[in-house]
There are 2 protein chains.
Amino acid sequence: MNPDTVPARKQNKRREKEVAILQAAEKVFAEEGFGGATMQLIADAAQLPKANVHYYFSTKEELYRQVVSNIFDVWLQAAGSFEESDGPAEGIGAYIDAKMEISRTRPAGSKVWASEVMHGAPIIQDYLETTLVEWTNSRIQAIDAWIAAGLMDPISPRHLLYMIWATTQHYADFGHQIQTLNRNTPLSESEWNAAKESVKKIILKGIGVSP
Amino acid sequence: MNPDTVPARKQNKRREKEVAILQAAEKVFAEEGFGGATMQLIADAAQLPKANVHYYFSTKEELYRQVVSNIFDVWLQAAGSFEESDGPAEGIGAYIDAKMEISRTRPAGSKVWASEVMHGAPIIQDYLETTLVEWTNSRIQAIDAWIAAGLMDPISPRHLLYMIWATTQHYADFGHQIQTLNRNTPLSESEWNAAKESVKKIILKGIGVSP
DNA sequence: TCTTTTTCTGACCATATGGTCAAGACTATG
DNA sequence: CATAGTCTTGACCATATGGTCAGAAAAAGA
């Protein structure tokens, strides 16, 4: 038997447990905020004794840091769908789709991210200043190129990005409000699609891109 | 002398002190979240002993409730600028202006509101279900009337409203991120104006309204 | 099977926090 | 000036929370 097999399996098992805790933590942090979340609540959500959670993540900050870090990875993944090789209709359309999909499937993550930024990004400030700044600048260049090529109106790329972020994340962060305004019912599959199409339609037309 | 004068003056003094505490609380709640905010932090921000804060607001919840309630009033005030008597260019344009102005002048309030909604609106759920639902439905009717009159494209009024809320509030709630992307500098007067114009331009064009 | 390493957990501790209280200070009024 | 009502505040308390730890249990390895 390969001597690496057993250790690998063990590593996997450890990783699985960490992931379970991280999922529980993401949910609790989203619902209660960092200050309101307690290790006991997280442990209960993960169906583990509190001390066991501390075995995998020594401190609350450490756990929170990893939750936020995971969200950032998801964010980066969606960022990849913004391909500058295609035109603005495909690039921006796909990006909006991807971000709306994240809001639908990972609302808790989006809320944790929003909370972190709202409180001054104490944990991920370095990511903001490096990765986010670079990504944003590179996308601004891409949009400017589209503008120069006459593929869209000469709007401010920066504020366009803010609008996309704001609108797409709103469906996660303010999901409770949206549900209240939707006869206290979660958005159905078709309502989600309508939301997606509305957002894309208004923004794309707003920047002078025809589908 | 009017017998009401002295009591009134006293009432004013009490009110002034309450307002000072409410302002301090709004700031602290915005920065720390409900769970992270402590009565001591709020007392320090208001430059009062903690026990004195408790004299005016018996519990943390009570204080928070009033802070959130104040924000809702500000929100309603901005909502008034959405006049259906004018056309969409004026009505929606003025509404965006008003909301952007709130984001600029009361960012802490906006953050508290966002935080409250993100955590399921435990305090102001009744406002959402009554006032907000009514206001939203009435605006949807107004927009539908504009659409019927051929003054704008047949978009979903509901999702248009969400987009306006999301985008305008983003400049307050994610102000830290925006500042980081703005060479770590707060938006200047002219940058705020550029933001306003960008938002109005894209949204109004996006719904087929010419200025 | 015996030993070693990793995982698990109840009990415990130090600290921070929301809230109380009683006594003092201040203010208006008769 | 005396009295009554309002405001102020340091000291205090009960509780909740993040985190520790010793030892049990389980798994891996020899």
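Convention: sequence-line order gives letters A, B, ...; per-chain numbering from 1. These figures come from a predicted structure and were not determined experimentally.
Residue A/Ser58 comes nearest to A/His54 through the heavy atom pair O-ND1, 3.0 Å, listed as atom of the first residue, atom of the second, then distance.
Salt bridge absent: B/Glu26 and B/Lys111 never bring a charged side-chain N and a carboxylate O closer than 4.0 Å.
What separates NE2 of A/His54 from C1' of C/dC13 is a distance of 13 Å, to the nearest Å. Nucleotide D/dC7 holds its C1' atom 15 Å from the CD atom of B/Glu16, rounded to whole Å. Separating the NZ atom of A/Lys17 from the C1' atom of C/dT9 is a distance of 12 Å, rounded to the nearest angstrom. Distance CZ (B/Phe57) to P (C/dG18): 16 Å, rounded to an integer number of Å. Rounded to whole Å, atom C1' of D/dT20 lies 17 Å from atom NZ of A/Lys60. Taking atom CZ of A/Arg65 as the reference point, atom C1' of D/dG18 lies 16 Å away to the nearest angstrom.
The stretch residues 40-52 of chain A comes close to DNA chain C through A/Pro49, A/Ala51, A/Asn52, each having a heavy atom under 4.0 Å from the strand. For the segment residues 29-39 of chain A, no residue has any heavy atom less than 4.0 angstrom from an atom of DNA chain C.
When the side-chain nitrogen and oxygen atoms of A/Lys13 are compared with OP1 and OP2 of D/dA27, none of them lie within a distance under 4.0 Å. Phosphate proximity of D/dT8 to B/Tyr55: absent, as no side-chain N or O sits under 4.0 Å from OP1 or OP2. Dashed line: the shortest gap from a side-chain N or O of A/Tyr56 to OP1 or OP2 of C/dC8 is under 4.0 Å. Taking side-chain N and O atoms only, B/Arg14 has a distance below 4.0 Å to OP1 or OP2 of D/dC7.
In this structure a side-chain-to-backbone donor-acceptor pair under 3.5 Å is missing from B/Gln177 to A/Val117.
Under the 4.5 Å side-chain criterion, counting only non-hydrogen atoms from C-beta, B/Ile21 is not in contact with B/Glu16.
Under the 3.5 Å distance criterion, with hydrogens and angles disregarded, a donor-acceptor pair is assigned to the side chains of B/Gln125 and A/His176.
Not less than 6.0 angstrom separates the ring centroid of A/Trp113 from the ring centroid of A/Trp165.
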Please list, one pair per line, the donor and acceptor atoms closer than 3.5 Å that link side chains of residues 27-48 of chain B to other protein atoms, with sequence neighbours excluded.
| residue | atom | partner | partner atom | Å |
| --- | --- | --- | --- | --- |
| B/Thr38 | OG1 | B/Leu41 | N | 3.0 |
| B/Gln40 | NE2 | B/Asp44 | OD1 | 3.1 |

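Within the model, atoms OG1 of A/Thr180 and CD of B/Glu129 stand 6.0 Å from one another, a figure rounded to the nearest 0.5 Å. Between atom CD of residue B/Gln66 and atom CD1 of residue B/Ile71 there is a gap of 12.0 Å, rounded to the nearest 0.5 Å.
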